Amino acid sequence: MEFELYRRGPHHRSDDEYISFREVRDRFDFRGVEIGAWVTQKEQEKAAVYFYDALCDLTKILAVPDEVISLRGTLVLQYGKGGRPGVAAHYAPDQRAFALAKNAGPGSIAHEWFHAFDHYICNKAFNVNKPRLFASTAWLAQYAPIEHPLNALLFNCYRAVLLDKCKRSSNPTYQFK
């Protein structure tokens with residue numbers, strides 16, 4: 001089944017400009033790009049353009065340089081590799097890779113990128129050395145934070161997103177004073 005995809009947003013390339021996954025890797029400084037064995041050349045060519053546009057949109061939304069998207073060259077982008085039925089995308093902390101399914105990839109980029117960022121930033125926001133720990137989990141568990149103005153902004157984001165009006169987490173494991 002083939003899906004008709006569309007996007008609304010600024011143009012980052014001419015409509016007929018060919019973009020390859022190699023160009024995506026190079027522009028955003030990904031540590032690597034891996035393509036699944038079942039992805040055809042035609043699907044790769046189409047997907048690379050969608051990924052390029054989605055990643056450019058993400059840099060504009062976040063107002064960051066291109067290399068921030070790869071978390072300073074530490075992140076791998078996977079397409080059509082290692083998926084499961086019904087799962088559009090996932091982030092694998094042990095590989096520092098975000099994987100996007102063949103039929104649902106580009107629309108999931110921002111969501112999966114935030115998981116990657118949440119994992120990447122953990123040891124920069126907290127005095128902790130646990131390779132699989134995410135900063136949001138460390139924040140909810142009230143690990144000792146590293147004092148920094150950017151971390152304070154991140155913690156404000158977590159407070160707004162992860163707690164209800166009564167400052168309770170939706171996860172009963174974590175309760176705040």
Side-chain angles (χ1 to χ4, degrees), residues 21 24-36 47 51-52 54-102 104-177:
F21 271 110
V24 170
R25 184 196 68 202
D26 291 349
R27 174 163 181 178
F28 298 99
D29 194 30
F30 284 103
R31 184 167 44 92
V33 172
E34 300 171 359
I35 308 297
F51 279 65
Y52 181 85
L55 293 166
C56 286
D57 288 343
L58 190 56
T59 62
K60 299 289 184 225
I61 290 165
L62 297 174
V64 296
D66 293 344
E67 65 272 10
V68 169
I69 297 303
S70 69
L71 303 173
R72 305 258 184 241
T74 64
L75 194 58
V76 173
L77 172 63
Q78 297 175 335
Y79 175 60
K81 183 177 179 186
R84 295 185 188 122
V87 176
H90 68 276
Y91 172 69
D94 54 330
Q95 299 172 340
R96 294 200 181 263
F98 71 102
L100 304 148
K102 277 175 46 168
S108 302
I109 282 180
H111 177 97
E112 294 309 322
W113 183 86
F114 188 78
H115 287 305
F117 171 76
D118 192 25
H119 180 238
Y120 171 84
I121 203 69
C122 187
N123 67 352
K124 295 155 187 60
F126 296 93
N127 288 311
V128 63
N129 185 18
K130 293 186 177 184
R132 294 186 55 90
L133 187 64
F134 289 70
S136 57
T137 303
W139 181 80
L140 284 168
Q142 300 178 349
Y143 278 74
I146 295 171
E147 298 298 325
H148 191 279
L150 292 176
N151 289 342
L153 292 172
L154 178 64
F155 302 155
N156 285 340
C157 173
Y158 289 151
R159 191 172 292 106
V161 173
L162 300 175
L163 301 181
D164 66 15
K165 292 178 200 174
C166 298
K167 296 191 170 139
R168 290 181 305 226
S169 167
S170 61
N171 183 336
T173 305
Y174 304 109
Q175 296 307 320
F176 280 75
K177 301 169 191 157

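Numbers for residues simply follow the sequence, beginning at 1. Here the structure is a predicted model, which means the values were calculated and not measured.
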Report the relative orientation of the aromatic rings in F51 and F21; use parallel for angles under 30°, tilted for 30 to 60°, perpendicular for over 60°.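 Correct class here is perpendicular.
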
Once the angle between the rings of Y158 and F114 is folded into 0 to 90°, is it parallel (under 30°), tilted (30 to 60°) or perpendicular (over 60°)?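 Judged by the thresholds at 30° and 60°, the geometry between Y158 and F114 is perpendicular.
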
Work out which heavy atom in [X] is nearest to a heavy atom in [Y]; give both atom names and the distance.
{"X": "A110", "Y": "L58", "value": "CB-CD1, 4.2 Å"}
{"X": "L133", "Y": "A138", "value": "CD2-CB, 3.8 Å"}
{"X": "L154", "Y": "A125", "value": "CD2-CB, 4.4 Å"}

Donor-acceptor pair, side chain of [X] and main chain of [Y], under 3.5 angstrom:
{"X": "H119", "Y": "P131", "result": "yes"}
{"X": "R31", "Y": "T74", "result": "yes"}
{"X": "N151", "Y": "I146", "result": "yes"}
{"X": "D118", "Y": "S136", "result": "yes"}

Picking from F117, Y91, Y120, what satisfies side-chain contact (heavy atoms from CB on, under 4.5 Å) with L75?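 It is Y91, the one option of F117, Y91, Y120 that forms the side-chain contact (heavy atoms from CB on, under 4.5 Å) with L75.
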
So do the side chains of [X] and [Y] get within less than 4.5 Å of each other, counting heavy atoms only?
{"X": "C122", "Y": "F134", "answer": "no"}
{"X": "D94", "Y": "R132", "answer": "yes"}
{"X": "V76", "Y": "E34", "answer": "yes"}

[X] [atom1] to [Y] [atom2] distance, which is reported to the nearest 0.5 Å:
{"X": "W139", "Y": "F155", "atom1": "CH2", "atom2": "CZ", "result": "9.0 Å"}
{"X": "W113", "Y": "I61", "atom1": "CH2", "atom2": "CD1", "result": "11.0 Å"}
{"X": "D57", "Y": "I109", "atom1": "CG", "atom2": "CD1", "result": "9.0 Å"}
{"X": "I121", "Y": "L71", "atom1": "CD1", "atom2": "CG", "result": "8.5 Å"}
{"X": "I69", "Y": "F28", "atom1": "CD1", "atom2": "CZ", "result": "7.0 Å"}
{"X": "Q142", "Y": "F126", "atom1": "CD", "atom2": "CZ", "result": "10.0 Å"}

Please determine whether the number of non-hydrogen atoms from other residues, nucleotides or ligands lying under 6.0 Å from atom CG of N129 exceeds 12.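 Not more than 12 within 6.0 Å, no.
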
Between H115 and H111, do the side chains contain an N or O donor and an N or O acceptor separated by less than 3.5 Å?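 Judged by distance alone, the side chains do pair up.
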
Worked verdict on L140 versus L162 for side chain to side chain contact (heavy atoms under 4.5 Å, CB included): CA-CA 8 Å; L140 284 168; L162 300 175; 4.2 Å; yes

Sorted by first residue and then second, give each salt bridge (charged side-chain N to carboxylate O under 4.0 Å, His left out) pair with at least one member in residues 58-79; sequence neighbours left out.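 Those involving residues 58-79 are R27-D66, E67-R72.
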
